[in-house]
Amino acid sequence: MAAGSILGLLAWFSSAGAEAEEQAKADVVLRNGKIYTADKERSIKQTIAFRGNTIVAVGSDADVAPLIGSGTNVIDLGGKLVLPGFIDTHIHPIIGALNGAKCSLAGVKATIDVLKPVIQNCLAEDQGGADEWFEAAQLDNYGFSATAKDLDGIEMKRPIALWGNDGHTVWVNSRGLALLGVTAETPDIPGGKIARDAKGAPTGYFADSASIFVDEKIPSPSLEEKAALTAAELKRMSAYGITSLMDAFVTPAEEKVWRMLYDTGRLPMRVRMAIYLADPNALLKPASNDSDEAVARLVKVSKDGDVDPDFLRAGVVKVFADGVMEYPAQTAALLSPYLDKNGKPTKHSGELYFDPQRFASLVTKLDAAGLAVHIHAIGDRAVRASLDAFAAARAANGDKDNRHQIAHLQLVDPADFPRFKELGVMADMQLEWAKREPATEGPLEPYLGPERYRYLYPAGSLHKAGATIIGGSDWDISSYNPFRAFQTAVTRAGGKGERPLNIDERIPLETAIDAYTINAAFAMKQDRTTGSLEAGKRADLVVLDRDILTINPETIEDTKVLAIYLDGRLVHSAPAGSNAEGDDEDEEAGKWWDEREARMRDWLHRD
Ligand SMILES: [Zn+2]
């Protein structure tokens with residue numbers, strides 16, 4: 001072999017070595033910050049580095065310095081707090097986005113006189129024909145009672161439907177009632193309520209599963225329209241630092257939208273779909289969907305929904321155990337009866353939406369098949385029946401590590417607190433709900449009585465009993481802003497100086513952060529890749545404008561997100577002090593971040 005070719009070979013080796021070294025450098029280094037890692041020790045570091053979509057180092061500025069190469073984008077955080085990207089484990093992005101396109105009654109006092117001008121304004125802007133349904137949403141249902149005739153005072157010619165802000169109730173006018181075809185002869189359906197007059201004729205109010213009579217009559221928007229509305233909402237959601245979510249109610253209609261958003265590159269977060277067990281009421285009937293065929297169908301739907309291990313997955317089945325607890329619906333299942341408004345026991349305890357034995361059999365089969373079950377359970381009887389079903393599954397199958405979840409947990413009997421830990425069932429809580437406001441006081445307090453009301457939203461008791469708490473906003477029932485959930489979880493109040501709701505049920509801020517990061521990732525079975533900031537995991541993280549770990553907890557909700565990285569890519573940046581919701585956001589977007597980057601470029605190239 002000639003000397004020349006050896007030299008050539010050596011030159012090639014050394015250039016390949018330099019290339020390999022360059023490749024080993026980080027793409028992005030965020031230095032001089034306060035990195036809350038959410039790792040096992042909940043350690044706080046100074047600097048984080050990532051390459052491609054993967055975190056390569058978390059440590060001190062000095063630890064990470066060797067990873068900085070000429071191509072590394074180095075950003076000085078100026079001491080800012082960094083958290084893992086937020087994971088919302090119970091949210092309804094598509095349903096919420098579609099509701100957002102309806103006439104909004106949010107914050108409008110629910111009386112016919114006050115609603116009338118708001119709805120008539122919306123009607124004037126709507127181009128719909130005389131037979132076309134007009135829909136309004138977010139009606140404050142507490143204390144609102146109206147008949148179709150009352151709604152005729154607002155609009156008589158077009159059919160109108162007013163949806164309650166609990167998502168479980170709807171009112172229609174006489175024109176609407178005529179189009180529904182529901183009459184005195186129409187039988188009630190389990191898990192639903194059709195308000196009727198003395199002769200049995202419907203009066204225009206439908207609750208829970210009976211709202212399907214209205215829903216199925218109203219044509220839905222096209223797939224592309226749904227996808228466009230959802231994509232716009234996801235962008236706003238992403239600006240709050242949400243990097244993963246679970247859609248808690250996915251029918252074939254929602255599945256198509258998620259699939260389209262994925263295929264067209266419009267997913268700014270990781271998505272898991274909870275496949276809705278169609279018609280849970282069938283579980284009240286013999287020979288129904290705890291059959292092997294029904295389970296096989298769910299397994300197949302779930303497999304088809306596992307599109308991308310990082311960005312679009314299924315593996316969860318959603319079931320409703322009961323309805324809602326607030327007066328007047330009171331469809332949540334309680335262990336002992338609701339009280340009347342004077343505190344005297346009634347005969348009404350709500351009802352379970354399934355036969356407990358059939359349900360336990362279904363859950364056991366789903367668990368054996370490797371699916372997680374996510375149960376909507378509001379009342380203490382629904383919670384107990386859900387835990388009983390998980391206990392049956394555990395007895396039959398052992399611990400299959402499916403990470404089952406019960407969502408909402410508005411009322412839990414103290415005897416059941418320790419069972420969450422024992423059975424490995426996650427407590428999916430809507431932490432922002434736990435505050436004194438018209439919706440928690442008027443329609444609940446007198447009807448439950450003090451002994452039970454004391455355990456309304458028992459986050460603290462569950463936490464102390466060792467339950468793993470995970471956070472879900474249940475948007476569009478409530479805001480998806482995680483900082484509002486953090487603030488309420490810690491203060492149990494809606495705002496500064498407000499009287500807290502069951503203050504003993506507050507949880508530490510770190511527990512609330514865990515609920516939206518590492519614990520949520522565990523529940524979503526994505527804790528190997530997300531939920532904490534550790535080498536080897538995906539770079540999903542948020543940079544905040546203030547240190548929520550040290551500020552007055554009553555101001556956490558004002559926190560703004562300065563930058564969001566998803567899978568190592570900067571997906572959102574905003575100037576300090578801007579509002580994530582603000583219209584001026586696009587104009588100003590990235591200014592704070594751009595300045596940081598420019599300054600660091602100058603600093604790196606100084607000599
Ligand atoms: Zn929900």
Side-chain angles (χ1 to χ4, degrees), residues 86-100 102 106 137-139 141 163-170 191-192 207-209 211-212 215 230 233-234 237 242 244-251 253-255 257-258 269 271-280 314 316-326 329 331-333 353-354 372-379 382-383 386 404-412 425-434 439-440 457 459 469-482 484-485 488 515-516 520 523-524:
F86 300 130
I87 302 173
D88 190 321
T89 60
H90 185 118
I91 185 167
H92 304 281
I94 299 168
I95 294 169
L98 300 189
N99 273 342
K102 294 172 188 165
Q138 301 292 351
L139 173 74
N141 29 344
W163 294 91
N165 61 5
D166 62 357
H168 291 251
T169 44
V170 60
D208 284 310
S209 56
S211 61
I212 195 163
D215 205 32
T230 307
E233 196 61 56
L234 294 181
M237 215 176 272
I242 296 168
S244 296
L245 59 82
M246 184 169 89
D247 183 335
F249 185 88
V250 174
T251 70
E254 282 81 29
E255 204 183 336
V257 177
W258 285 123
M269 63 262 302
V271 173
R272 196 180 195 201
M273 300 182 286
I275 307 294
Y276 175 50
L277 170 75
D279 193 12
V316 190
V317 173
K318 166 70 178 289
V319 197
F320 286 86
D322 64 351
V324 294
M325 201 186 292
E326 285 78 8
T331 48
Y353 285 3
F354 46 66
V373 183
H374 182 93
I375 307 177
H376 162 119
I378 294 273
V383 174
S386 304
H404 304 298
Q405 302 137 28
I406 304 179
H408 308 320
L409 301 163
Q410 202 162 338
L411 190 65
V412 183
V425 174
M426 325 268 123
D428 194 327
M429 305 208 72
Q430 288 56 58
L431 297 164
E432 205 225 325
W433 292 359
T440 48
Y457 304 118
I469 294 177
I470 56 177
S473 64
D474 207 8
W475 185 82
D476 64 336
I477 305 293
S478 43
S479 162
Y480 48 58
N481 177 353
R484 286 179 62 167
T488 316
Y516 269 85
M524 299 260 283

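Both counts, for ligands and for their atoms, begin at 1 and track the order of listing. Because only heavy atoms are used, hydrogens play no part in the values below, and waters and symmetry mates are left out as well, while side chains stay in.
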How close do S244 and M524 get, counting heavy atoms only, and between which atoms? CB-CE, 4.3 Å
Counting backbone and side-chain atoms alike, does H92 have an N/O/S atom under 2.8 Å from the Zn ion (ligand 1)? yes
Write the atom name of the N, O or S atom in D474 that is nearest the Zn ion (ligand 1). OD1
Look at the N, O or S atoms of H408, main chain and side chain alike, and state whether any lies under 2.8 Å from the Zn ion (ligand 1). no
Considering all heavy atoms of both residues, which atom of A97 and which atom of W475 are nearest to each other, and what is their separation? N-CH2, 3.5 Å
Is a side-chain N or O of Q405 found less than 3.5 angstrom from the main chain of A372, in a donor-acceptor match? no
Decide ring-ring contact (aromatic ring centres under 6.0 Å, His included) for H92 and H90; before the verdict, give the C-alpha distance in whole Å, the side-chain angles of both, and the deciding distance to 0.1 Å. CA-CA 7 Å; H92 304 281; H90 185 118; 5.1 Å; yes
